[in-house]
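The block underneath contains the structure these notes are about, expressed in structure tokens.
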Amino acid sequence: MAKQNVSTAKKTKPVKTAKKVNTSPETVQTEAVQPEAEAVQTEAEVQPLEESKTKTAKTGTAKKAKTEKTETEKKEAEKKETEKKETKKPEKASKKEAEKTEEEPLTPEPVEEPAPEKPKAEEYTTPRRSVAFIGSECYPFVKTGGLGDVMYALPKALIKQNCDVKVILPRYKCIPQEYQEKMVFKGSFQMDLCADGKSFYVGIMEYVWDGVVYDFIDNEEFFASGNPYTNLIDDIPKYCYFAKAALAALNYMDWIPDVIHCHDWQAALVPVFLRVKFVDTKLTSAKTVLTIHNLRFQGIYNIPTIQYWSGLPDYVFNKDALKTGYEDANMLKGGLTYSNIITTVSNTYAGEIQNSYYGETLDAHLRYHSNKLRGIVNGIDYDIWNSYTDDRLYVNYDITNVLEKKKENKHKLQEELGLVQDDHKFVIGLISRLTDQKGLDLVNSIMTQIMDEHTQIVVLGSGDQRYEDSFRYYEYTYKGNVCSNIMYDETRAHRIYAGADALLVPSQFEPCGLTQLIAMHYGTIPIVRETGGLKDTVEPYNMYSNMGNGFTFDRYDAGLLLDAINRAKSLYFLNRWCWDEMVQRDMDKNLSWDNSAKQYKNLYLDLT
């Protein structure tokens, strides 16, 4: 007990203050043993207290004091004896400690602090839900577009929202060996699939990463090809099998989710199978969400083929479900009919696809199901896209030094790509699939007007032959000011985002778009058409209020695109301080998955 008191005295009162107040032995005792003095009074303090007690006793209750005098005196005598014994030890100990601390500096004893549990209380503010994601691709295993990014980033963000997430994917042969080797075999079974009763092997391989469980459906017959998408003749049987096998695997593992979240036409038959083929299983309690990432791709083929490979009954091939036209079946349409909720990747796109221009012949069907149609914009994964930690960049930077460091990245990019190295040049980046959807016909028609002595263009992407040839021609014609990289290189993409001044996204339609989000997060100003997610995420610059995130144009017109580019150039060259403010404003904007994940979590809670 005495050692403990000394240690506490060391923490609460430094010895130097004890030396200053060292006027009498009594005060030294009280300073050195201050915590003990509050509970156990010293002999010097007890006497005055007793005198005051006896005085009050005499004046107040004299008779009572006489009768109890003998008893109290005995008790007080015993109390004094114990106090003397206990206070003598701390006195000696405290004096020795005081002498030691004059020579040696005080070293406070380590205090064990409990592990912080505050984040849990902040993050897990909503009830827990289990969600199964079913889709055809997922970064880093296999990725061909934005779907792969969503399938990777959204489950990871949902874990922070108190969700238990499992992602189900095909085990393609093209998945890198480093991931294949880490997969664990979880079981296998035979599954009836075809209309004639033909069955197929279903293997389950599991891989856990960042708190997310990835289950891969294994079948060499369907997934042995090098690429996830080949042609409809092969893809229709492949994804009929995958949709049913994903549900059968959940049933086999006895993992019953609250919500099954399907993505695009490749997983669109999951809600149909669930309501038709899995009615008598535990999975029937699960609700289904189908997300449209790009309505242009729907999985349309003739009814006999899809009916054979799915084994679905005749009644689902009607005009309100899978049937489209006279003799075709539409897998995405069937999923829209049978799912509980339909989502798209932006609010504007959810409205656009209900009209004939963007609806891809499904506009009437979507208007009919508009009561269950929602739009939630995507985010970007800050673990991958972060200019401060991105090891692919020439120079890392953040909002505090973006104006200086971005110039260094620009200079290094010009050097690597063989462009004229000039800080004065206005560098426009174009990172895209080279297709009509991305508005490249507009770019083609005004390319000669964009190019001048102040402008450079960097292209990265591949696609239609005519656009690949066009950009090769522009590189030859404007040598030193145009660089056409007809390929996709992840490292070069990161460097273009960091080194370009502006990013061009003139899409004919864009469900969400990630390039403009990445560009803003890297301090690169987007020039976009007001459609889909581009309209939802880029606020047009207002020269009067000096507010906004980028430059926009509304109608799909080459002249309006040229005007938007010229407005960006004018601000860059004539009002650089306004441009610099917009760069910092864009970097400060929250574009992560946090807000989107909260919206999806609320959607799951409403469903269940």
Side-chain angles (χ1 to χ4, degrees), residues 118-129 131 133 135 138-139 146-165 167 210-212 259 261 263 289-293 341-352 373-389 398-399 497 505 510-524 526 528 530-540 547-550 582 584-608:
K118 194 175 179 182
K120 279 190 177 180
E122 288 180 355
E123 290 171 1
Y124 299 159
T125 55
T126 55
R128 191 169 182 80
R129 289 293 181 269
V131 186
F133 274 68
C138 177
Y139 174 86
L147 172 60
D149 292 317
V150 174
M151 288 286 289
Y152 164 71
L154 180 54
K156 201 168 68 165
L158 283 169
I159 287 175
K160 297 175 184 176
Q161 300 297 324
N162 196 20
C163 285
D164 186 12
V165 184
V167 179
D210 278 352
V212 180
V259 177
H261 195 155
H263 297 265
V289 176
L290 177 59
T291 295
I292 304 169
H293 294 269
I341 288 288
I342 305 164
T343 69
T344 63
V345 287
S346 68
N347 276 313
T348 299
Y349 190 62
E352 287 175 343
L373 181 59
R374 309 283 187 274
I376 300 175
V377 74
N378 288 339
I380 56 174
D381 187 353
Y382 279 10
D383 293 339
I384 298 172
W385 300 104
N386 189 335
S387 60
Y388 187 68
T389 58
D398 59 17
I399 192 172
Y497 283 124
V505 195
E510 194 66 63
C512 177
L514 294 177
T515 54
Q516 82 280 7
L517 300 179
I518 298 165
M520 287 191 284
H521 194 52
Y522 276 56
T524 300
V528 306
E530 294 176 8
T531 181
L534 301 174
K535 184 176 182 179
D536 288 350
T537 55
V538 180
E539 180 188 348
M547 295 301 291
N549 302 111
M582 183 157 41
Q584 293 174 318
R585 194 160 54 242
D586 283 3
M587 287 197 74
D588 193 45
K589 189 175 181 179
N590 183 7
L591 301 167
S592 71
W593 272 102
D594 293 343
N595 186 46
S596 305
K598 286 177 186 175
Q599 292 181 63
Y600 276 111
K601 177 63 183 293
N602 291 333
L603 186 67
Y604 300 153
L605 291 173
D606 291 342
L607 264 178
T608 55

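- Among residues two or more places apart in sequence or in another chain, the side-chain hydrogen bond (donor to acceptor under 3.5 Å, both in side chains) test is passed with Thr344 by none.
- With sequence neighbours excluded, the residues satisfying side-chain hydrogen bond (donor to acceptor under 3.5 Å, both in side chains) with Asn590 are Ser592.
- For His521, the side chain to side chain contact (heavy atoms under 4.5 Å, CB included) criterion is met by Ile380, Tyr382, Leu591, not counting sequence neighbours.
- Remark: Asn386 pairs with Tyr388, Thr389 by the side chain to side chain contact (heavy atoms under 4.5 Å, CB included) rule, at least two apart or across chains.
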Side chain to side chain contact (heavy atoms under 4.5 Å, CB included) between Val167 and Met151: does it pass, once the steps are laid out? CA-CA 8 Å; Val167 179; Met151 288 286 289; 3.7 Å; yes
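- Closest heavy-atom contact between Pro155 and Val165: CB-CG1, 3.5 Å.
- Separating the CG atom in Asn549 from the CG atom in Asp586 is a distance of 4.5 Å, to the nearest 0.5 Å.
- Interatomic distance, CG of Asn162 versus CG of Leu605, reported as 9.5 Å (0.5 Å rounding).
- To the nearest 0.5 Å, the span separating CG on Leu154 from OH on Tyr600 amounts to 6.0 Å.
- Applying the side-chain hydrogen bond (donor to acceptor under 3.5 Å, both in side chains) criterion to Gln599, with sequence neighbours excluded, gives no partner residue.
- How far CD1 of Ile518 is from CD of Gln516: 8.5 Å, rounded to the nearest 0.5 Å.
- Partners of Cys512 under the side chain to side chain contact (heavy atoms under 4.5 Å, CB included) rule, at least two apart in sequence or in another chain, are Val345, Val377, Asn378.
- In this structure, the side chain to side chain contact (heavy atoms under 4.5 Å, CB included) partners of Ser387, at least two apart in sequence or on a different chain, are Leu393, Tyr397, Tyr522, Met587.
- There is no side-chain donor-acceptor pair under 3.5 Å between Thr126 and Gln161.
- Using a 4.5 Å heavy-atom cutoff, the side chains of Leu158 and Tyr604 are in contact.
- Residues satisfying the salt bridge (charged side-chain N to carboxylate O under 4.0 Å, His left out) criterion with Asp536, sequence neighbours excluded, are absent altogether.
- For residues 374-387, the set of pairs meeting the salt bridge (charged side-chain N to carboxylate O under 4.0 Å, His left out) definition, not counting sequence neighbours, comprises Lys156-Asp381, Lys156-Asp383.
- Taking every heavy atom of both residues into account, Lys589 and Met520 meet most closely at NZ-CE, 4.5 Å.
- In this structure, the separation between CD1 on Ile376 and OG1 on Thr291 is 7.5 Å, given to the nearest 0.5 Å.
- Take Ser596 and apply the side-chain hydrogen bond (donor to acceptor under 3.5 Å, both in side chains) test, not counting sequence neighbours, and it matches no residue.
- Side-chain contact between Arg129 and Val259: absent, with no pair of heavy atoms (C-beta onward) separated by less than 4.5 Å.
- The two residues Trp593 and Gly379 make their nearest non-hydrogen contact at NE1-O, 3.1 Å.
- Glu352 places a side-chain N or O within donor-acceptor distance of the main-chain N or O of Gly532, the cut-off being under 3.5 Å.
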What do the steps show when you test Val212 against Tyr152 for side chain to side chain contact (heavy atoms under 4.5 Å, CB included), and what is the final call? CA-CA 9 Å; Val212 180; Tyr152 164 71; over 6 Å; no
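- For the atom pair Asp149 CG and Ile384 CD1, the distance stands at 7.0 Å (nearest 0.5 Å).
- The shortest non-hydrogen separation linking Ser346 to Pro511 is OG-O, 2.6 Å.
- Applying the ring-ring contact (aromatic ring centres under 6.0 Å, His included) rule to Phe133 yields the partners His261, His263; only residues at least two apart in sequence or on another chain are considered.
- Shown here is Lys601, whose NZ atom has more than 12 heavy atoms of other residues, nucleotides or ligands within 6.0 Å.
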